[in-house]
Colleague: 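What follows is a structure written as structure tokens; I'll ask about it next.
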Amino acid sequence: MNGTLDRHDATATDEGDLDPREAARLLAQTTREAQRKFDLSSPLLSLLGAAVVLVALGAVWLSVRTQHPYKGPTAPGLVVMYGILVCWIVVVVRFRARATAGLSGRAVRQQRAEAATLVTALVAVSVFQGVLKSDGVSLSIVYGVYPLTAQLIVLGAIGAALQAGRENWPGFGVSIAIMLIAAGCAFASPRGVWLADGIGCSIAVLGFSAGQAFSRRKAQST
Amino acid sequence: MTTDALDPLIHVPARLRIIATLAALPHGDALSFTRLQEMLELTPGNLITHLRKLEDAGYLTSQKSGEGPDSRTSIALTNLGRAALDAYTETLRGLLDGL
């Protein structure tokens, strides 16, 4: 034992006898509150995520829907999409920072490694997009089907692997759903892929949010 | 079965809350003294006394890092502490079933 806790300033007492029913209630309530405070996600955050996906991808779809031939998202469309995504990332990072404040150890190191993996994978997808462009692949692929489909498949695959490791089956399910939606929506036109992915992913995340809310309510009632 | 069967070190509101909070962390993770105090809303002196009792019993470990104002004490539940909470929960369940 490291024994770094000082003995001075001691004011605690053993607070008398505790009724077993009261002890059970206190144990359940404390466990539930602690789990909620350490939780890296919340139903509200997921609900917000569903709206962000729909609005961000919807903005790009609005900017490309009348293009013939397809040239790719316009500057205003990209500004709206990246603006919304940056705001979303800031919210998620702040939420997670609050949940992990004061924490140290294996899980925290694993989370940092997971974040590094995700960023590296998304950068690699973008680099490969540049390769496609320089090889003269059509704009429908380079700025249409490829970027969104590849990024969603990468996000889904990494998410599914991480959630399976944590045995978080609702999280695993939504990650698999995002991969399937991305693969299926790739059959839509380069214009339609933005809207189809936006609606599909938004519904999947909305379902996940509802599942999270249901689980929390169920846990509170037991 | 009576309440005497319950581990007296855990069967105290403050210590029960300390152990339950630390048990909610993934195995091998530690929590800073400041965050634990904030979560449990206990005074520093009160929390230190309860932590010391649990540490003396081998239910948790504390590790101090840094010096002066930047120093930080991290607290983690040991395997013994986790097993003690499991045993306490089982005994509590048995007691409640008998009521």
Side-chain angles (χ1 to χ4, degrees), chain A residues 1-41 96-114 162-163 165-168 216 219-220 222, chain B residues 3 6 8 10-36 38-40 42-53 55-56 58 60-65 71-76 78 85 88-89 91-93 95-96 99:
Chain A
M1 252 190 317
N2 297 295
T4 57
L5 296 165
D6 300 330
R7 281 187 186 275
H8 64 79
D9 197 22
T11 56
T13 63
D14 278 3
E15 303 166 46
D17 201 20
L18 184 61
D19 175 67
R21 283 193 198 87
E22 178 60 15
R25 189 198 60 76
L26 191 62
L27 178 60
Q29 185 189 350
T30 308
T31 303
R32 201 168 49 236
E33 281 177 9
Q35 284 170 342
R36 189 173 53 78
K37 284 178 180 167
F38 295 139
D39 201 349
L40 295 175
S41 63
R96 288 188 161 225
R98 203 171 56 183
T100 58
L103 280 176
S104 56
R106 194 172 56 185
V108 175
R109 289 193 297 275
Q110 281 175 343
Q111 280 160 23
R112 286 183 189 143
E114 288 164 9
L162 297 182
Q163 299 308 326
R166 291 184 185 129
E167 297 191 8
N168 176 358
R216 282 199 176 180
Q220 273 176 352
T222 53
Chain B
T3 53
L6 291 165
I10 300 179
H11 194 58
V12 171
R15 290 201 288 272
L16 180 57
R17 291 174 66 219
I18 290 170
I19 294 234
T21 300
L22 293 173
L25 288 172
H27 191 72
D29 274 14
L31 190 62
S32 72
F33 179 88
T34 315
R35 176 95 193 268
L36 185 62
E38 179 196 299
M39 288 176 75
L40 299 177
L42 292 173
T43 63
N46 205 343
L47 180 58
I48 285 171
T49 307
H50 287 301
L51 288 176
R52 188 73 215 184
K53 284 184 182 177
E55 190 178 27
D56 286 347
L60 55 83
T61 57
S62 64
Q63 181 110 42
K64 193 171 182 180
S65 58
S71 68
R72 169 184 153 138
T73 303
S74 296
I75 296 123
T78 61
L85 179 63
Y88 176 85
T89 309
T91 310
L92 198 57
R93 200 166 284 143
L95 270 172
L96 292 173
L99 288 176

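In what follows, chains carry the letters A, B, and so on, assigned in the order in which the sequence lines appear, proteins first and then strands, with residues in each chain numbered from 1.
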Colleague: Against chain B, work out which of A:Q35, A:K37, A:Q29 has the most heavy-atom pairs shorter than 4.5 Å and name it.
Modeller: A:K37
Colleague: Quick one: of B:A76, B:A24, B:G28, who has the most non-hydrogen atom pairs under 4.5 Å with chain A?
Modeller: B:A24
Colleague: Do you know which of A:G102, A:G105, A:A24, A:A101 has the most heavy-atom pairs with chain B at a distance under 4.5 angstrom?
Modeller: A:G102
Colleague: For the residue pair A:Q110 and A:R106, confirm or rule out a side-chain donor-acceptor distance under 3.5 Å.
Modeller: no
Colleague: Heavy-atom cut-off 4.5 Å, strictly under: side chain, backbone, both or neither for B:T21 against chain A?
Modeller: both
Colleague: Say whether, by atom type as modelled, one donor and one acceptor occur between the side chain of A:N168 and the main chain of A:Q163 under 3.5 angstrom.
Modeller: no
Colleague: For the backbone of B:A20 and the side chain of A:T30, can you confirm whether one donor and one acceptor N or O come within less than 3.5 Å of each other?
Modeller: no
Colleague: Looking at residues at least two apart in the chain, or sitting in another chain, which of them share a ring pair (Phe, Tyr, Trp, His ring centres under 6.0 Å) with B:Y88?
Modeller: B:H11
Colleague: Please determine if A:R216 and A:D39 form a salt bridge, counting it only when a charged side-chain N lies under 4.0 Å from a carboxylate O.
Modeller: yes
Colleague: List for me each residue that meets side chain to side chain contact (heavy atoms under 4.5 Å, CB included) alongside A:R96, sequence neighbours excluded, and say none if there are none.
Modeller: A:L40, A:V92
Colleague: Of the listed residues (A:T31, A:V108, A:L103), which shares the most heavy-atom pairs with chain B below a 4.5 Å separation?
Modeller: A:L103
Colleague: Who wins among B:R35, B:R17, B:H27 for the most heavy-atom pairs under 4.5 Å with chain A?
Modeller: B:R35
Colleague: Do the charged groups of A:R25 and A:E22 touch, with an N to O distance under 4.0 Å?
Modeller: yes
Colleague: Select one option (side chain, backbone, both, neither) describing which atoms of B:A23 are under 4.5 Å from chain A's heavy atoms.
Modeller: neither
Colleague: For B:R72, which atoms come within 4.5 Å of any heavy atom of chain A: side chain, backbone, both, or neither?
Modeller: side chain
Colleague: Between B:L36 and chain A, which part of the residue has a heavy atom less than 4.5 Å away: side chain, backbone, both or neither?
Modeller: neither
